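Just so we're clear, the structure is a prediction, and the values are computed from it rather than from any experiment.
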Amino acid sequence: MQDLELEGKIRLLEQEVYSLKDELKKVTEQMYLLALVKVPEPRFPYWNWLILNRYSEEDRQKLELILRLFSAKVEKESIMEAYINKAQQMNITINLEGEVDCKTIQATFQQNFGIGKENLETLFTALYNQSVFKEFSEYALQELKKCH
């Protein structure tokens with residue numbers, strides 16, 4: 001008898017989990033649609049870019065870790081071992097050997113996120129305008145102009 005009660009409770013909990021997953025999916029889709037139809041807040045173009053491109057919190061963290069590593073490299077700062085280890089843990093593909101040029105920037109963002117040049121320029125413009133990694137964003141925009 002206890003086994004039947006336990007199985008019934010498990011099924012009920014599974015149904016609730018599926019229901020919550022469906023509700024989360026609906027809310028996520030509504031948030032995306034709202035981001036499409038609203039007038040973007042000019043103070044937060046980077047955050048708007050993240051929403052429109054459906055980046056998760058984990059994706060944002062990966063993106064910002066790449067930006068931090070490239071920024072340190074370009075500004076000739078020492079790159080903390082902790083950041084390199086974290087990049088490895090997050091399965092980030094990044095080449096920190098040599099110069100951070102247009103090809104390196106494009107390849108890194110393509111490999112990690114599937115971002116093409118046009119969307120990459122939009123990202124760096126948004127970062128620059130929101131003053132997030134501003135110096136590196138300016139550098140990256142100049143580098144991307146050099147790529148054909």
Side-chain angles (χ1 to χ4, degrees), residues 9-148:
K9 287 180 181 181
I10 290 171
R11 271 193 230 120
L12 183 61
L13 289 172
E14 286 175 341
Q15 288 173 350
E16 288 181 30
V17 167
Y18 290 127
S19 176
L20 288 171
K21 284 182 177 180
D22 286 343
E23 196 62 32
L24 178 60
K25 186 177 178 182
K26 289 176 189 173
V27 169
T28 301
E29 186 61 25
Q30 289 173 342
M31 185 183 78
Y32 173 70
L33 292 173
L34 180 62
L36 288 174
V37 299
K38 71 167 184 56
V39 176
E41 169 59 61
R43 294 177 300 163
F44 307 115
Y46 168 53
W47 294 342
N48 191 62
W49 184 92
L50 290 171
I51 291 169
L52 290 176
N53 287 278
R54 296 181 174 213
Y55 273 56
S56 67
E57 178 63 16
E58 183 180 328
D59 292 333
R60 183 192 63 78
Q61 289 175 359
K62 280 178 72 172
L63 178 76
E64 291 180 6
L65 182 55
I66 290 169
L67 292 167
R68 182 167 282 112
L69 289 166
F70 274 161
S71 182
K73 177 85 174 155
V74 167
E75 294 172 18
K76 302 199 184 326
E77 297 174 1
S78 63
I79 298 174
M80 293 176 53
E81 193 68 31
Y83 290 139
I84 293 171
N85 291 338
K86 187 165 184 164
Q88 290 170 341
Q89 291 170 359
M90 296 176 87
N91 296 320
I92 293 174
T93 303
I94 187 168
N95 180 2
L96 295 171
E97 301 296 321
E99 294 295 315
V100 179
D101 60 10
C102 67
K103 291 186 189 302
T104 303
I105 294 168
Q106 280 186 309
T108 301
F109 285 90
Q110 178 63 43
Q111 290 169 347
N112 288 284
F113 303 104
I115 300 176
K117 184 180 178 190
E118 186 175 311
N119 200 13
L120 202 50
E121 289 173 346
T122 304
L123 166 62
F124 284 119
T125 300
L127 285 162
Y128 180 84
N129 289 338
Q130 193 171 318
S131 297
V132 178
F133 295 99
K134 190 168 186 160
E135 290 81 16
F136 178 71
S137 296
E138 182 177 32
Y139 172 86
L141 286 167
Q142 291 171 356
E143 280 299 311
L144 289 172
K145 288 178 185 175
K146 297 176 185 177
C147 282
H148 301 297

| said: Under a 3.5 Å distance rule, please check whether Lys73 uses its side chain to pair with a backbone N or O of Gly98 as donor and acceptor. | reply: yes
| message | Treating Ser131 as the side-chain partner and Leu127 as the backbone partner, does any N or O pair qualify as donor plus acceptor under 3.5 Å? | response | no
| said: Please enumerate all residues that pass ring-ring contact (aromatic ring centres under 6.0 Å, His included) together with Tyr83, with sequence neighbours excluded. | reply: none
| request: Just grab all the ring-ring contact (aromatic ring centres under 6.0 Å, His included) pairs involving residues 10-30, residues at least two apart or on different chains. | output: none
| said: Once rounded to the nearest 0.5 Å, what's the spacing between atom CG of Leu120 and atom CD of Gln106? | reply: 6.5 Å
| task | Walk me through it: do Lys146 and Glu143 pass the test salt bridge (charged side-chain N to carboxylate O under 4.0 Å, His left out)? | result | CA-CA 5 Å; Lys146 297 176 185 177; Glu143 280 299 311; 2.8 Å; yes
| query | Mind checking what makes ring-ring contact (aromatic ring centres under 6.0 Å, His included) contact with Phe70, not counting sequence neighbours? | reply | Phe136
| query | Would a distance-only check, ignoring hydrogens and angles, find a side-chain to backbone donor-acceptor pair under 3.5 Å from Asn129 to Thr125? | reply | yes
| query | Which pairs pass ring-ring contact (aromatic ring centres under 6.0 Å, His included) with one or both residues in residues 86-118, sequence neighbours excluded? | reply | Tyr55-Phe113, Phe109-Phe124
| Backbone N/O of Leu65 and side chain of Lys86: donor-acceptor pair under 3.5 Å | no
| query | Has the side chain of Lys117 got a donor or acceptor atom that lies under 3.5 Å from a matching backbone atom of Cys147? | reply | yes
| query | Excluding sequence neighbours, so at least two apart, what forms side-chain contact (heavy atoms from CB on, under 4.5 Å) with Glu77? | reply | Ala72, Glu75
| From CG (Leu144) to NZ (Lys103), nearest 0.5 Å | 11.5 Å
| request: Give me the one residue out of Asn53, Ile92, Asn112, Leu123 that meets side-chain contact (heavy atoms from CB on, under 4.5 Å) with Leu63. | output: Leu123
| field | Rounded distance (nearest 0.5 Å) linking atom CG of Leu69 with atom CD1 of Ile79 | value | 5.5 Å
| message | According to salt bridge (charged side-chain N to carboxylate O under 4.0 Å, His left out), does anything in residues 46-72 pair up with another residue at least two apart or in another chain? List the pairs. | response | Glu29-Arg54, Glu57-Arg60, Arg60-Glu64
| query | So, the side chain of Ser19 versus the backbone of Gln15: is there a donor-acceptor pair under 3.5 Å, distance only? | reply | no
